[in-house]
Amino acid sequence: MVDETENQSTGLESSIRTSMQLNLAPEHQHRLAPLANKPAGQLLIHEIYRSIQGESTYAGLPCVFVRLTTCNVRCVWCDTPHAFKEGALLSFEDVLQKVLEYNCPLVELTGGEPLLQEEAFELMSQLADRGKKVLLETSGTVPVDQVDRRVCIIMDLKCPDSGECDSNLFANLDHLKPTDEIKFVIASRRDFEWTVETIRKHQLDRRFEVLLSVVHDKVKPVQLVDWLLDSQLQVRMQLQMHKYIWDPKQRGV
């Protein structure tokens, strides 16, 4: 029998190894602390709920959201900081059952950063096996090469004003499919200019579906429209629909 102290040590070492793989600075390794004692075969879940998909090319469709706890980055404008630490452990089977009970064709894994938990990969595959259309919302700072090819990846590229631009893992672009989506969240004119440069440098508009959205209280949608039209880029502007239907701070929607 392994005592609790040894379990904690093993979990913490695992988190540190993960943080090194993510190029996470030593002073930021505490961000993974909520996963330190997570047993294999369980997931740390913030919430599971059914709502309307608020963004991406699937916007407006009913969707079951599986929000996993913990994130390796701290975007200045993050709208779900409660998912950094809050959550409950559920067995893999319980998570799968809860999702299937909604009987909804569309499921999204989000966070936090869902790919920090190894079980998320198998969860996506099992949902796809059961005929679900699976979406993955990921920060773009964690490798996506092991994600089931049936999953639609919606991947951020972090703009400068997020405070996490240096965390972008551009190698992920080589593992995306033409049907995957790249999202830029824009908080300033500087962010937009960086976005344009990045799209053109990597020819993202020719390779993937590209989505531009505003930080809700930093840039007015009409400003982004004007910038986009002036740029001559043929990419998609989107609004976070749920923030116009409900209070922007409301959870579970």
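These numbers come from the heavy atoms of this one structure, side chains and all, not from hydrogens, waters or symmetry mates. What you see is a predicted model, and the numbers here were worked out from it, not measured in a lab.
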Is there a donor-acceptor contact under 3.5 Å from the side chain of [X] to the main chain of [Y]?
| X | Y | answer |
| --- | --- | --- |
| S162 | K158 | no |
| N72 | V142 | no |
| R50 | V99 | no |
| R236 | V210 | no |
| Q234 | R206 | no |
| T80 | H82 | no |
| S91 | D94 | yes |
| D226 | Q223 | no |
| D191 | D161 | yes |

Can you confirm whether [X] sits close enough to [Y] that some side-chain heavy atom of one is under 4.5 Å from a side-chain heavy atom of the other?
| X | Y | result |
| --- | --- | --- |
| F84 | R74 | yes |
| R67 | I48 | no |
| I186 | S213 | no |
| L32 | L24 | yes |
| V107 | C104 | no |
| R200 | L233 | yes |
| Q146 | H175 | no |
| P105 | K133 | no |

Smallest separation among heavy atoms of [X] and [Y], with atom names:
| X | Y | answer |
| --- | --- | --- |
| T70 | R31 | CG2-O, 3.2 Å |
| I182 | L157 | CG2-CD1, 3.9 Å |
| L211 | Q238 | CB-NE2, 3.8 Å |
| K220 | V214 | O-CG1, 4.3 Å |
| F208 | D180 | CB-O, 3.6 Å |
| V95 | V66 | CG1-CG1, 4.3 Å |

Original post:
In terms of ring plane angle, is the pair W227 and F192 parallel, tilted or perpendicular, where the classes change at 30° and 60°?
Top reply: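 Tilted, since the angle between the ring planes falls between 30° and 60°.
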**OP:** Specify whether F65 and Y49 have parallel, tilted or perpendicular ring planes, treating 30° as the upper limit for parallel and 60° as the lower limit for perpendicular.
**Re:**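 It falls in the parallel class, under 30°.
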Original post:
Given S139 and D156, is the side chain to side chain donor-acceptor pair (under 3.5 Å) satisfied, shown in steps?
Top reply: CA-CA 5 Å; S139 64; D156 279 18; over 6 Å; no
**OP:** Could you walk me through whether V235 and L212 pass side-chain contact (heavy atoms from CB on, under 4.5 Å), step by step?
**Re:** CA-CA 8 Å; V235 298; L212 274 56; 3.8 Å; yes
Original post:
Can you check side-chain contact (heavy atoms from CB on, under 4.5 Å) on E55 and K183, steps first, answer last?
Top reply: CA-CA 10 Å; E55 48 190 324; K183 182 177 69 173; 3.7 Å; yes
Original post:
Between L35 and L44, is a side-chain contact (heavy atoms from CB on, under 4.5 Å) present by the stated rule, with each step listed?
Top reply: CA-CA 7 Å; L35 300 179; L44 188 57; 4.0 Å; yes
**OP:** Consider only side-chain N and O atoms of Q126 and E122, and report whether a donor and an acceptor are under 3.5 Å apart.
**Re:**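 Yes.
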Supply the atom-to-atom distance [X] [atom1] to [Y] [atom2], rounded to the nearest 0.5 angstrom.
| X | Y | atom1 | atom2 | answer |
| --- | --- | --- | --- | --- |
| C63 | K132 | SG | NZ | 11.0 Å |
| R189 | L224 | CZ | CG | 10.0 Å |
| T179 | E209 | OG1 | CD | 10.0 Å |
| M155 | L115 | CE | CG | 11.0 Å |
| E47 | T69 | CD | OG1 | 9.0 Å |
| H202 | D174 | NE2 | CG | 10.0 Å |

Is [X] atom [atom1] crowded by more than 12 heavy atoms from other residues, nucleotides or ligands, each under 6.0 Å away?
| X | atom1 | result |
| --- | --- | --- |
| N103 | CG | no |
| K98 | NZ | no |
| E118 | CD | no |
| D166 | CG | no |

Original post:
Checking side chain to side chain donor-acceptor pair (under 3.5 Å) for the pair E113/T138: CA distance, chi angles, key distance, verdict?
Top reply: CA-CA 6 Å; E113 172 49 64; T138 181; 3.0 Å; yes
Under a single-linkage definition using a 4.5 Å side-chain heavy-atom cutoff for Ile, Leu, Val, Met, Phe, Trp and Tyr, are [X] and [Y] assigned to the same hydrophobic cluster?
| X | Y | result |
| --- | --- | --- |
| V147 | L135 | no |
| Y58 | I153 | no |
| I45 | L136 | yes |
| F184 | L169 | no |
| L173 | V185 | no |

**OP:** Begin from the C-alpha positions of T57 and E181 and carry the test side chain to side chain donor-acceptor pair (under 3.5 Å) through to its verdict.
**Re:** CA-CA 8 Å; T57 61; E181 306 182 5; 2.3 Å; yes
Original post:
Please walk me through it: do F121 and D148 pass side-chain contact (heavy atoms from CB on, under 4.5 Å)?
Top reply: CA-CA 7 Å; F121 294 92; D148 193 305; over 6 Å; no
Original post:
Taking it one step at a time, do E108 and Q53 satisfy side chain to side chain donor-acceptor pair (under 3.5 Å)?
Top reply: CA-CA 9 Å; E108 177 177 295; Q53 177 60 251; 3.0 Å; yes
